[in-house]
Each structure stands twice: as structure tokens, then as C-alpha cells.
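Shown next, in C-alpha cells, is the structure this report addresses.
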Amino acid sequence: MGDLENSKLQAMRHSLAHVMATALTNLWPEVKLGIGPAVDTGFYYDVDLGSKMLTEEDFKSITEEMRKVINADQDFEQYDLSIGEALKWAKSNNQTYKTNLLNDLKRSGTTVAKDLEAAELGTITEGNSAVETVSFYKNGEFTDLCRGPHVESTGKVGAFKLMRVSGAYWRGNEKNAQMQRIYGAAFDTKEQLNKHLEMLEEAKKRDHRKLGQEMDLFLFSELVGSGLPMFTPRGTVLREELASFSNQLRQKHGFQKVWIPNITKTDLYKVSGHWDKFGDELFLVESQETSDKFALKPMNCPHHNQIFASQARSYREMPVKYLETTTVYRDEKSGELGGLSRVRAVTQDDSHVYCRSDQIEQELNFLLADANELYKTVNMRLRVRLSYRDDSDAYLGTKELWETAQKQLKNAVVKSKLDYFEQDGEAAFYGPKIDFMATDALGREHQLATVQLDFVQPERFELEYTGEDGKKHRPIMIHCALLGSIERFLSVYIEHSAGKFPVWLAPEQVRIITVNQEDSTVQFAQELLERAIKLNLRATVDNNNESVGKKIRSSEILKIPYTVVIGEKEITSGNLAPRIRRDMEVESDLETFQADHFLITVANEAVARVDKTTLYDGDRKL
RNA sequence: GCCACCUUAGCUCAGUUGGUUAGAGCGACUGUUUUGUAAACAGUAGGUCGUCGGUUCGAAUCCGACAGGUGGCUCCA
């Protein structure tokens, strides 16, 4: 989409916010308006209706009122007022939020206007000079403080649908009053809107919480507590296959597995500096035997540092690389939890490199290659953001160190051929980083993997190695998680794949169904199962007293990739006609198999992590 | 943590304006059937209606608190 079209769409969406505000004012004249910008897929307006609580049932009347405003095709007229006059307008209309905005604009030298507000209000930030005049838009009887731009008239606003209402703090600050935010989706055409709504529908069908239950992957229990997922045998297969893939990739590059306990004395975090950073998020553990204070680990690096520091290190053994898939615990605020995407027990496929500053690039090459391979295998497009420091003093470590590190970061990324962009001021205070963005089958972007350089922890823990010169040197640390957190990754991946896992990840790869329960049939099925298990396949026999159709159905519901039916025919011929999950692409000559040939083919497919699944494509429903 | 909404059997859901023993489908179990590529038939067992408290002659239904969930906000990356 071109910039021009894009800005037209933005104007249209923003105009719809005004149309909605007009409708709300018509319906509830006492409404106080906050701000109403265009967003990604539509628009919203924050409003204060006093004690009136909007629900989705109000959408019908609001939408009808909006239709009236649209049908009246009122012109959007722009005019300027001095700040003083604008304040009078706000006061006489009892628009206290607008008064608040105008007062800030008046002394804009001191205003910290958020980007959204700046765009919405047209705050002139250059030179920090106070604003003297402000822009208004009027349509029909409705007037609003607004920079625009708008479409010419209310009749030209495209297709929209009110989506939901939720709470939102005035100016995004939790100390301020809470307003009601009404969201609408809006697009140029009805078709585009429908396509968007269809995508949301599809997303709902794939919701990992729904599939997690249907496919028996994971669960929560009120007795265990919120944000603490448990995984069934099926879900655990997914976790372990993913983790072992992620580990294998790095083990090929010299990473070694380590193991650490899940709790530690809090002193560890006083040394690392995390004590202050984590604050309330730290789960504290009380010892009944000693006076030591413990905490559940919220990250692994300080523990790993102890392993590194346990010996005198030579430059010859650098880099030292540790790997561990382990769970960290963070006490998130209750309202922030949701499904597997935000949990309180987070399993990271964590790794740490301790290296010399001249080895950064080489190590990054490895990690980028690993990330590339992992995301290629799970069929997600990857792009990266290089997050650098800016000129402020908010960073630790020398400028020279930052410069050489950032240069190596960029070299490695260029070499990896990944799409990338660079951003100053996005680095952590302790080092620059690479953030990976993975795009799922519905086009949504997720941040999963990260690679971060760290100049601070080696300092805090006084990590060192002896150089060629016989002197002590500080290593650089590189933190890396390829999946990020397994829980979060699964929340994304289950929706990405809609639960149609490729063979290597499928909790159950082959299901053997018997046509009847006669001894010969069951025995043949049992023997086939044994051969499958010898090939490390995850297979089961279903010899329940049910119709074949019924048993096929339950196999389909579990999205098992291959289902074979065993009856008279198979027993006599020794050939199988596997039923292949519908989304998988198959070469035509693979339709009937000699039994062992079939099992070996599937086993090879699993080992090679071949992915035959076809992903969602908006125009082609699967 | 804040705002709104939600919580009835393992799952998905009915349940009139508060009124006897709270229903259905799927699943589970038992029996009949011996099944050929997405649902055979019959029967049985499952619920202190999330928990605690209140209003009422009477509460799944009304009110409150708490827990859990959902959508946002804030946070986090």
C-alpha cells in the first residue's frame, strides 16, 4: 500500500472517530471526549460518560446514529482558534479533557506529549515554543479540537464496524481517570472489512487456548494458580521436540548443557543488580530451617555466571558457551496474564556466550544461522531489528566497546541475509541487541527470539579470563533464546499452524485403526505398532468397539498426520493405504505402501523435520 | 493493579418475571453389534449451579466479597 493511499485511509479512519463522537454527542449530550485517533485496523475514541457504562448492546444504537451522520454527508470544515478562545470553547462545552490537553499545549515547552497525542493534536514540538493557535474541525453541529486531516465530508468514510469497548486511562497513565474506549474496525471497502473480520474469525478458531483444550495439550488449574500452565503428555511432546531442536542447533556450534537449581539466595540478585529491577516481580521463598532469604529465579544468567567463574579461564578456551532449557518465575500482575502468552512460569531455551570482544561477530553468525534455520523449519518469516544506543549517557560500558560491538552486530546481520532495520536508542542499558520478529500464517508479527550483548553483568560479577598478554580481561556476554519462551512460542505456533503440526512435532504421528476386534486383526495392528515404536515413531492402536468411521473421526479431530486402517486386505497383502491429513501435500506415487516402507518414510520425515503442511492463506480456506 | 463482561456435568451449552426432584448433545462406562476411511443402537453413571456471605417464606436466578477466566488499559519485550 502506497503512502498516499495509506494516509487517505488514516484520514478516513480518523474521520470515523469524529463521526462516532458526533453520534455519541447526539445520544448522550453530556459526553466528555478524550482523544480519538486512527489505529492499525480502524479507530477508537476515549470517552467519559459519567456513570453510563457502555456495553456491546449499545453498539447498535451508536451505529445507527453514526449512519445518520454519514447519510447527512456533513462537510468537515477546518478553522483555527487562539489557545485562549479554544479554552473558552472547551470550558463552555464542559469538555474537561480537552481543557487539559489545551493547557498542556499552551505550555508545550514543558509538555511531554505522547506520539499519538502529538499526531492527533498537531502539537508543534520543534523549538519547544508554546502553541498559539490550535486547529478545529466541525461537521454539522459537532466541533472537535483536531489537527486532521479528514476526508471532505462524513459521507466519505468507507466501511466500518464497532468492535468492542474497554477501559483506558486518560493519557495512558494509571493514576488518571479511566475512560471508556470504543474500538471500531474500518477499511476502504466492505470487502476489505469483511476480509479483516474473516481473519479475526479464523484467529478465533485457531485460538491456542481453545486448541490447547480440544487437542489435549495443556491446562490450568484453579488450585495451582493463575498463569501456571501444566502440560499433558501430548503438549509435553511439543515442548520437548521444540526445545531439543533449539538445543541441537546450538550444540552443533559448541554450546554445552548446564544445569542450575530453580531457587537462589537473594544475594545473587543483589550482586547482579536485578534485585531492584525485578522488585515486586520476584517470588520470594522462605526457608524454615535457616535465616537465608531465597527467591525463585527470574532469569538464569547470574547462575550461569557462577559456573563460568568457578575456574580460572584462559583466552584459549574462549568462547565458553552454556545452554539450558529451564523455567524462570515472574510474578506478573494479575491482569497481565493470558493463556500461554503471558504466564508466571516461563521456560526459556536460554544460552550464554562468554567471549572476547573480537569474537562477537563470529558468535553472532552462529546464533543468526540457528535462528534462521529454526524459523525456516517452523515456516515463519523472520526479520530483525538492530537496537543501538543513542548519544545519551544512559548506557554502561565504554563508547569504544559499544562501537565495535554494534559494528559486529551489523556485519553479522548483513551476512545472515535477514531483512533488518536499525534503530538508535532501543538498546538495553547494558548492551545492544537483535530483536527477531516472526510473522505467522495470519500475518501477525511476534517477538520471540532475542540476542542481547551484555557489558554489565561481567563487570558486576567480576568475570575474567587471562589473555595472551598474561593480564586479566573482561569477557563479553551474549544472551540468546531462539524460541524465546516455550510457552509463548507455543501460543504463537499453535495459532500459526492451527494445530496441524508437521510430523516431527505431532504428539501422535501415526494412528492404527482396526476394522474389527478379531484376534488376527488386533495382532497385526499390535505388530505394526511395535515396528513403529522401534522406529521412534509416536503411534497408537485404536481397537475400540466402534465403527471405522467413528475411529477415523476421532483421529481427524486430534489432527493426527497419518491414519492407517487394518483389516482383511492389509493382513493379506501387507500393504497399507494411509489416510493423510488433508492439509498435507503428498506426492501422488505415495498412495499405497508396503507396511515397513510406510513406517520408514514417516520416520525419515520426522527426523528430517520435513513440513508438508500448507498454511492459512486468506483466499484459500483450509 | 485498574475498567467492563463472564463462571451451570470432563467438554459445548439450555434453564421463562426468584417457585417442587436443574436439562440436552458430545465424551466416559456397560451391553448389543464385528464394523472398510469424519459420528451404529440401547442403557448407566456424572452437578451443593466457581467459593463464601447476605436479601427472601423460598436463590442457579437478586446483592456483596473473594477466586478463576475473557477483552482492553497500565506494565513487560
Side-chain angles (χ1 to χ4, degrees), chain A residues 34 44 46 48-49 52-58 163-183 200 204 207 209-210 213-216 219-228 277-281 298 330-339 341-344 346 348 385 387 426 428 433 435-437 446-450 452 479 481 484-485 488 511 513-522 542-560 562-571 576-582:
Chain A
Y44 69 78
D46 284 347
D48 180 346
L49 281 163
K52 162 71 186 171
M53 279 300 154
L54 289 171
T55 67
E56 301 201 354
E57 276 152 36
D58 295 306
M163 300 299 287
R164 69 178 84 89
V165 58
S166 63
Y169 298 107
W170 171 235
R171 311 194 80 169
N173 186 331
E174 62 181 318
K175 297 208 168 59
N176 288 342
Q178 190 141 23
M179 309 183 71
Q180 300 187 66
R181 176 169 298 179
I182 309 169
Y183 281 97
L200 291 180
K204 216 169 162 185
D207 189 311
R209 289 165 297 203
K210 185 168 164 271
Q213 189 179 68
E214 283 172 11
M215 298 180 69
D216 188 27
L219 58 130
F220 291 88
S221 150
E222 236 175 85
L223 279 175
V224 173
S226 73
L228 298 169
K277 184 181 175 285
F278 273 89
D280 294 346
E281 278 194 25
R330 296 178 189 179
D331 199 0
E332 307 271 357
K333 291 182 192 171
S334 58
E336 291 163 353
L337 302 168
S341 22
R342 282 294 280 279
V343 289
R344 299 200 286 184
V346 180
Q348 300 174 322
R385 177 176 73 193
S387 300
E426 282 293 320
K433 58 180 178 175
D435 291 317
F436 295 75
M437 263 90 71
H446 307 271
Q447 198 193 312
L448 298 165
T450 65
Q452 306 193 5
H479 308 262
S485 107
R488 207 169 135 69
R511 176 159 289 197
I513 289 176
T514 57
V515 155
N516 55 41
Q517 293 180 299
E518 272 152 33
D519 285 351
S520 57
T521 320
V522 173
D542 182 355
N543 62 359
N544 284 318
N545 181 10
E546 295 287 354
S547 68
V548 171
K550 179 84 164 265
K551 290 194 267 194
I552 293 280
R553 184 176 150 80
S554 37
S555 179
E556 290 279 350
I557 286 169
L558 287 169
K559 303 180 173 37
I560 296 168
Y562 296 102
T563 306
V564 296
V565 177
I566 299 304
E568 195 63 42
K569 268 192 290 184
E570 286 73 19
I571 297 172
L576 305 176
R579 186 186 163 97
I580 298 162
R581 203 178 58 207
R582 272 184 298 176

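Letters go in sequence order (proteins before strands), and every chain restarts at 1.
Rounded to whole Å, the distance from NZ on Lys333(A) to P on G68(B) is 17 Å. Protein atom NZ of Lys210(A) is 10 Å distant from nucleotide atom P of U12(B), rounded to whole Å. Straight-line distance from the CG atom of Asp46(A) to the C1' atom of U74(B): 13 Å, rounded to whole Å. The CG-P distance, from Leu337(A) to G71(B), rounds to 12 Å in whole Å. Between Ile182(A) atom CD1 and C3(B) atom C1' the separation is 14 Å, expressed in whole Å. Rounded to whole angstrom, the span from the CD atom of Glu336(A) across to the P atom of U70(B) amounts to 14 Å. As a whole-Å value, the separation of Asp331(A) CG from C75(B) C1' is 13 Å. As rounded to whole Å, 12 Å separates atom P of U70(B) from atom CD of Gln213(A).
Judged as a side chain to side chain donor-acceptor pair (under 3.5 Å), and not counting sequence neighbours, Asn543(A) has no contacts. For the side chain to side chain donor-acceptor pair (under 3.5 Å) test, residues two or more places apart in sequence or in another chain that qualify with Asn516(A) are Thr521(A). Residues satisfying the ring-ring contact (aromatic ring centres under 6.0 Å, His included) criterion with Tyr183(A), sequence neighbours excluded, are Tyr44(A). Considering only residues two or more places apart in sequence or on other chains, Glu214(A) meets the salt bridge (Lys or Arg N to Asp or Glu O under 4.0 Å) condition with Lys210(A). For Glu556(A), the salt bridge (Lys or Arg N to Asp or Glu O under 4.0 Å) partners are Arg579(A), not counting sequence neighbours. Here Lys433(A) pairs with Asp435(A) under the salt bridge (Lys or Arg N to Asp or Glu O under 4.0 Å) rule; sequence neighbours left out. For Glu336(A), the salt bridge (Lys or Arg N to Asp or Glu O under 4.0 Å) criterion is met by Arg342(A), not counting sequence neighbours. Every residue two or more places apart in sequence or in another chain was checked for a side chain to side chain donor-acceptor pair (under 3.5 Å) with Glu546(A), and none qualifies. Judged as a side chain to side chain donor-acceptor pair (under 3.5 Å), and not counting sequence neighbours, Asp216(A) has no contacts.
As judged by a 4.0 angstrom heavy-atom cut-off over every strand, Glu281(A) is placed among residues making no nucleic acid contact. As judged by a 4.0 angstrom heavy-atom cut-off over every strand, Lys277(A) is placed among residues touching the sugar-phosphate backbone only.
For the pair Tyr183(A) and Arg385(A), nearest-nucleotide mapping onto RNA chain B gives the more 5' position to Tyr183(A).
Atom C1' of U61(B) sits at a distance of 16 Å from the matching atom of G23(B), rounded to the whole Å. Going from the C1' atom of C26(B) to that of G53(B) covers 36 Å, rounded to whole Å.
When each of G1(B), C75(B), A77(B) is scored by its nearest atom to the side-chain atoms of Arg342(A), the top-ranked nucleotide is C75(B).
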Item checked: Reading 5' to 3' through nucleotides 24-40 of chain B, protein heavy-atom contacts under 4.0 Å coded B for base, S for sugar-phosphate only, - for none -> ---S----BBBBBBBBB
Next item on the list: Let me have a per-nucleotide readout for nucleotides 42-50 of chain B, 5' to 3', with B, S or -, counting only protein heavy atoms under 4.0 Å.
Entry: ---------
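One N or O on the side chain of Arg330(A) and one on the backbone of Pro298(A) form a donor-acceptor pair closer than 3.5 Å. Under the 3.5 Å distance criterion, the side-chain polar atoms of Arg344(A) are matched with a main-chain donor or acceptor of Ser226(A).
In this structure, CD1 in Ile513(A) is found 12.0 Å from NZ in Lys550(A), a value given to the nearest 0.5 Å.
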Next item on the list: Determine which bases of RNA chain B form Watson-Crick or G-U wobble pairs with both distances under 3.5 Å, and write the result as a 5' to 3' dot-bracket string with | for other-strand partners.
Entry: (((((((..((((.....[...)))).(((((.......))))).....(((((..]....))))))))))))....
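Remark: the Tyr169(A) side chain and the G1(B) base include a donor-acceptor N/O pair separated by less than 3.5 Å.
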